[in-house]
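Note that the numbering runs from 1 along the sequence shown for the chain. Scope of the values below: all heavy atoms of this structure, side chains included, with no hydrogens, waters or symmetry mates.
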Amino acid sequence: MKKTYLLLLIASLVCLVISVALLVMGSGHQAGPAVILFFLFLALAARGHKSFKGFSFTIIIFAAVAVSMFYPAHLREVGSFQMKALIVPLLQIIMFGMGTAMSIKDFVGVVKMPKGVLVGLACQFTIMPILGFTIATAFGFPAEIAAGVVLVGSSPSGLASNVMAYLAKANVALSVTLTAVATLLAPLMTPLMMELFAGEFVPIDFWGMMLSIVKIVILPIIAGLLFNHFFHGKTKWFDKAMPIVSMAGIAFIIMIITAAGRDSLLSIGLFLILAAIIHNAAGYFLGYWGCRLFKMDERDCRTIALEVGMQNGGLASGIALEMGKVATVGLAPAVFGPWMNISGSSLATYWRDKDPDKTEKEPLENIQLDT
């Protein structure tokens with residue numbers, strides 16, 4: 001590790017010690033700057049190590065959450081302007097960026113890999129909503145928080161799963177196709193799953209939710225696809241800028257939602273984190289072994305496990321806002337999102353060091369999935 005990164009790591013540890021000391025002394029309200037700097041320095045330090053570089057963005061998300069928890073008022077409104085009004089425009093920009101990273105060729109995979117696509121979609125839109133409903137009921141969450149857990153499970157996968165599939169030596173083409181098709185099906189499948197599994201928690205406006213998803217996701221992605229078709233390779237600065245804009249947008253959305261639901265998060269935060277871990281790990285496990293039962297190859301199993309386990313938390317946040325319940329229904333997406341990045345990166349790193357061709361030859365009963 002370079003000297004600069006080592007110094008950043010030391011600085012982060014110093015901030016951590018200061019934070020803990022203030023909490024022990026009963027001055028937790030004054031620990032905000034130290035906690036925020038701890039995460040920021042740690043994120044920068046992680047960039048200096050190959051094994052931890054992929055966690056840098058997730059650690060920055062934790063810094064953003066810390067800002068929201070310690071200084072929520074600044075992220076709820078500025079003057080008379082409600083900050084939550086920025087969520088949908090930011091999501092539309094992110095989805096436009098997603099569209100620019102796709103092409104019509106991504107949908108051809110449905111014809112080339114029909115079994116993988118069908119199994120992946122079936123797992124995604126059955127396993128995760130059912131898990132969400134089961135976990136929300138078992139934990140006894142308040143109705144709107146429970147609906148948020150189901151909402152995460154009812155959302156399609158996002159671009160992060162494509163990156164994880166690449167790192168995990170999985171079938172990237174199948175991953176991209178599944179993400180594209182699941183996203184296009186979201187206006188129908190997400191409201192349908194919400195009506196089936198979240199209807200007893202909160203009233204669900206099926207058609208209203210469908211139109212919201214079309215507005216937030218489908219139209220911006222179509223615009224992005226058209227942009228990519230006509231300007232591909234002509235705006236290299238734009239191609240480099242969009243991932244940064246998207247990451248910044250995700251971080252800001254999480255900050256706004258966390259600030260809005262801070263009081264609820266303080267009371268049930270630990271249980272919501274535990275629910276996120278269980279939901280996510282079960283998605284990986286059931287997605288992987290479901291594919292093994294269908295005798296799919298190792299790369300496809302890894303791909304579908306990641307697609308099933310990782311949902312588009314940003315879309316779930318936008319839907320929560322459109323429902324007028326961003327401070328409650330929107331809490332689960334804000335908590336589940338960062339955890340999915342951590343677990344997805346960890347699982348992809350674990351698989352990266354295991355040759356899928358060798359794993360394929362191992363007896364089924366001797367293979368274990370470490371999530």
May I ask you to test the Val35-Leu16 pair for a side-chain heavy-atom distance under 4.5 Å? no
Residue pair Ser68 / Val65, side-chain heavy-atom distance below 4.5 Å: no
Please answer whether the main-chain N or O of Asn171 pairs with a side-chain N or O of Thr303 as donor and acceptor at a distance below 3.5 Å. yes
Could you tell me which non-hydrogen atom of Pro89 sits nearest to which non-hydrogen atom of Ala85, and how far apart they are? CD-O, 3.2 Å
Is it the case that the side chain of His279 and the backbone of Val149 share a donor-acceptor pair, with hydrogens and angles ignored and the cut-off at 3.5 Å? no
Test item: Thr100 side-chain N/O and Gly97 main-chain N/O as donor-acceptor pair under 3.5 Å: yes
Donor-acceptor contact present, side-chain Arg302 to main-chain Trp351, <3.5 Å: yes
I'd like to know if Glu322 and Lys215 make a salt bridge, using a cut-off of under 4.0 Å between side-chain N and carboxylate O. yes
Close side-chain approach of Phe252 to Leu90, heavy-atom, < 4.5 Å: yes
So with a 6.0 Å cut-off around OH of Tyr166, is the heavy-atom count from everything else above 12? no
Does the Ser56 side chain pair with the main chain of Ala43, one donor and one acceptor, at a distance under 3.5 Å? yes
Interatomic distance, Ser212 atom OG to Asp205 atom CG [nearest 0.5 angstrom]: 8.0 Å
As an exercise, state the distance from OG of Ser27 to CG of Leu22, rounded to the nearest 0.5 Å. 6.0 Å
Trp289 vs Phe285 aromatic rings, parallel, tilted or perpendicular, using cut-offs 30° and 60°? tilted
Minimum heavy-atom distance Leu75-Ala259, with the two atoms named: CB-CB, 3.7 Å
Contact check, side chains of Val172 and Val176, non-hydrogen atoms, under 4.5 Å: yes
Between the main-chain N or O of Met340 and the side-chain N or O of Ser343, is there a donor-acceptor pair closer than 3.5 Å? yes
Going through the checks in order, is the side-chain contact (heavy atoms from CB on, under 4.5 Å) test met by Leu7 and Phe41? CA-CA 9 Å; Leu7 290 174; Phe41 287 143; over 6 Å; no
I'd like to know whether CZ of Phe271 has more than 12 heavy-atom contacts from other residues, nucleotides or ligands below 6.0 angstrom. no
Would you check if the side chain of Asn280 reaches a backbone N or O of Gly309 as a donor-acceptor pair within less than 3.5 Å? yes
Please find the pair of heavy atoms, one from Ile18 and one from Ala34, that lie closest to each other, and give the distance. CG2-CB, 4.0 Å
If you round to the nearest 0.5 Å, how far is SG of Cys15 from CD1 of Ile10? 12.0 Å
From Ile87, Leu321, Val88, Val326, residue fulfilling side-chain contact (heavy atoms from CB on, under 4.5 Å) relative to Ile253: Ile87
If you define the side chain from C-beta out and look only at heavy atoms, does anything of Ile273 sit under 4.5 Å from Trp339? no
Side-chain donor or acceptor of Ser155 paired with backbone N/O of Leu151 under 3.5 Å: yes
Provide the closest heavy-atom pair for Val152 versus Gln311 in the form atom of the first, atom of the second, distance. O-CG, 3.0 Å
State whether the side chain of Ser154 and the backbone N or O of Thr190 hold a donor-acceptor pair below 3.5 Å, judged by distance alone. no
When you compare the side chain of Arg262 with that of Arg76, does any pair of heavy atoms fall below 4.5 Å? yes
Check this for me: Lys84, atom NZ, are more than 12 non-hydrogen atoms of other residues, nucleotides or ligands nearer than 6.0 Å? no
For the residue pair Ile145 and Leu331, what are the closest heavy atoms and their distance? CD1-CD1, 3.9 Å
Shortest non-hydrogen contact between Ile221 and Met95, atoms and distance: CG1-O, 3.4 Å
Is the distance between the ring centroids of Phe96 and Phe227 under 6.0 Å? yes
Donor-acceptor check, side chain of Gln124 to backbone of Glu307, threshold 3.5 angstrom: yes or no? yes
Quick one: sort the Phe201 and Phe133 rings into parallel, tilted or perpendicular, breaks at 30° and 60°. tilted
Would you say CZ of Phe294 has more than 12 non-hydrogen atoms from neighbouring residues, nucleotides or ligands within 6.0 angstrom? no
Determine whether Met323 and Met209 make a side-chain contact, defined as any pair of heavy atoms from C-beta on separated by less than 4.5 Å. yes
Closer than 4.0 angstrom, basic N to acidic O: yes or no for Glu298 and Arg292? yes
Would you say CG of Leu270 has more than 12 non-hydrogen atoms from neighbouring residues, nucleotides or ligands within 6.0 angstrom? no
